[in-house]
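Just follow the structure's listing: the first ligand is 1, and inside any ligand the first atom is 1.
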Amino acid sequence: MIEKIEKKERMKIKRAEMPAQKPEDRVRNFNEVPFGLTAEQAITEAARCLECKKAPCIDGCPVEVDIPGFINLILEKDFAGAARKIKQTNSLPAVCGRVCPQEEQCEIKCVLAKKFKPVAIGHLERFVADYERENNLVQIPAVAAPTGKKVAIVGSGPAGLTVAGDLIKLGHDVTVFEALHKPGGVLVYGIPEFRLPKNIVQAECDVLKDTGVKFENSTVIGKMETIDELFEMGFDAIFIGTGAGLPNFMGIPGEQLIGIYSANEYLTRSNLMRAFDENDYDTPIIRGKNVAVLGGGNTAMDAVRTSKRLGADHSYIVYRRSEAEMPARAEEIHHAMEEGIEFHMLTTPIKFIGDDQGRVVQMECLNMELGPPDDSGRRRPVPIEGSNFIMDVDLVVVAIGNSSNPLIQSTTPGLETNRWGNITVNPDTMQTSRPGVYAGGDIVTGGATVILAAGAGKKAARAIHTYLSNGAPK
Ligand SMILES: Cc1cc2nc3c(=O)[nH]c(=O)nc-3n(C[C@H](O)[C@H](O)[C@H](O)COP(=O)(O)OP(=O)(O)OC[C@H]3O[C@@H](n4cnc5c(N)ncnc54)[C@H](O)[C@@H]3O)c2cc1C
Ligand code: SF4
């Protein structure tokens, strides 16, 4: 264990800067942008933590990771032990260390945040999870004696994977049904390689497989089997974690023109179908020269940064509010700006214009100004009359949010939903209106975050275990 230093001295240590690819290099490849902390950097960063007794950072974490506990293990150079400590409450630390909005969760609550920079909790989380995986120290969890109970999990995003991991350890027989040909949900089809390398998600799924979880990919529940048919097949309980994968559109003239993608389609072609890798994959994708991405969230940032890497001369974010209202993570906006993404704020398209081949060539836009706050608490964008102008574009990606796919709801009698089509659950147990059927993640909340989906999965797994332990009456 390294010598503990005085609190005053610890506060003088500067927050470690994560080394990263230079913007001019990274816009030409799909490799991950930050390289991760070195062991030396991680230990120095860990020394900044004051090991607060009532650690407020833990309150900021949706799954209450023992943050000072794992940071202390880094100081003791027990990096794998630190990863295991995180995994007690968060089964996906290598993913969360990369994509969680720590700046709004644990780090904003860190006592150092007021006067200095907060401890780099996310970077430390990523470091220990990578150390454990890269050094083959990931332990296959012990599994309890078989209970004879079968659980079906529909959807393999962070919610479904978490439920699978927790229930297999308790001795249940777990099968994950996934519509796509690879498991991982948004982690594989949505978030690009340069933010979350796919081998990391695959490694998480491999551990689940080695623990005994069965994966049935390319299986669309609601089309191939319904929820009721899964019960008839012998499953005792079902978890629905199908996410929010139905793209919203603008609903303006010209939206059907060639060269206008939903962000889901664009990102799925590039990430899951590997269209960016022309040498090894023949997935078609439009490589626009003047690309407009509509929206201001993480999805929009991922799409616009992808377009730059696919060879665009100009990649624009077109967003109807101002930067202050953008829902994307601060780090993603910062990286996009460094990469030369051009931001058209307070702008909204009202019409897409095509050529005689039916391809989009221009977009008519309006300038906006901010009015009083709307239901979301953000200031409402109001069009400025007569401010119309034209933008030349040959590719448009619509990234204005997703809704839930209605397939399961419409094929499952008695499954209650709210007015947005999201499945309603008891918030303490994640049980739906149907006995033995549980749900969690984006299908319940609407588009949210990885850690909230994983947290919902943990809660559901506990409740499913109790239900199965009590005889699982149907
Ligand atoms: C582009 C993008 C970037 C994002 N970036 C971030 C970020 O940086 N940080 C963050 O915290 N969050 C981010 N999010 C949000 C986050 O990814 C989601 O909140 C999270 O993945 C939700 O997890 P989930 O398990 O509920 O669903 P999902 O990850 O959506 O997984 C659902 C799975 O269910 C499958 N499925 C759907 N219907 C069926 C069916 N009928 N039968 C079988 N399978 C089905 C789908 O194919 C999918 O694989 C991002 C989202 C997107 C789209
Ligand atoms: S609040 Fe900050 S300094 Fe205190 S325990 Fe958490 S990370 Fe360490």
S.K.: In this structure, are over 12 heavy atoms from other groups packed under 6.0 Å from Glu17 atom CD?
M.R.: no
S.K.: Under a 4.0 Å threshold between the charged nitrogen and the carboxylate oxygen, would Asp59 count as salt-bridged to Lys54?
M.R.: no
S.K.: Using a 3.5 Å cut-off on N/O to N/O, what pairs does ligand 1 make with the protein? A line per pair would be great.
M.R.:
unit_1   : atom_1 : unit_2 : atom_2 : d
ligand 1 : 5 (N)  : Arg195 : NH2    : 3.1
ligand 1 : 8 (O)  : Val99  : O      : 3.3
ligand 1 : 8 (O)  : Arg195 : NH1    : 2.9
ligand 1 : 8 (O)  : Arg195 : NH2    : 3.2
ligand 1 : 9 (N)  : Val99  : O      : 2.7
ligand 1 : 11 (O) : Val450 : N      : 3.0
ligand 1 : 19 (O) : Asp442 : OD1    : 3.0
ligand 1 : 19 (O) : Asp442 : OD2    : 3.0
ligand 1 : 19 (O) : Ala448 : O      : 3.2
ligand 1 : 19 (O) : Thr449 : N      : 3.3
ligand 1 : 25 (O) : Pro158 : N      : 3.3
ligand 1 : 25 (O) : Ala159 : N      : 3.0
ligand 1 : 26 (O) : Asp442 : N      : 2.8
ligand 1 : 29 (O) : Val186 : N      : 3.0
ligand 1 : 41 (N) : Ile221 : O      : 2.8
ligand 1 : 42 (N) : Ile221 : N      : 2.9
ligand 1 : 44 (N) : Ala179 : N      : 3.1
ligand 1 : 47 (O) : Glu178 : OE2    : 2.7
ligand 1 : 49 (O) : Glu178 : OE1    : 2.7
ligand 1 : 49 (O) : Glu178 : OE2    : 3.0

S.K.: Angle class for the Phe30/Phe194 ring planes (parallel below 30°, perpendicular above 60°, tilted otherwise)?
M.R.: tilted
S.K.: Tell me which pairs pass salt bridge (Lys or Arg N to Asp or Glu O under 4.0 Å) where either residue lies in residues 82-96, with sequence neighbours left out.
M.R.: Asp66-Lys85, Arg84-Glu132, Lys87-Glu132
S.K.: Residues in side-chain hydrogen bond (donor to acceptor under 3.5 Å, both in side chains) with His123, at least two apart?
M.R.: none
S.K.: Protein N, O or S atoms at less than 2.8 Å from atom 4 (Fe) of ligand 2, how many?
M.R.: 1
S.K.: Assess whether a salt bridge exists between Glu193 and Arg309, defined as any Lys/Arg side-chain N lying under 4.0 Å from an Asp/Glu carboxylate O.
M.R.: no
S.K.: Classify the side-chain pair Ser156/Glu178 by whether it contains a donor and acceptor separated by less than 3.5 Å.
M.R.: yes
S.K.: Is the distance between the ring centroids of Tyr319 and Phe343 under 6.0 Å?
M.R.: no
S.K.: Other residues, nucleotides and ligands only: do more than 12 of their heavy atoms fall within 6.0 Å of CD on Glu229?
M.R.: yes
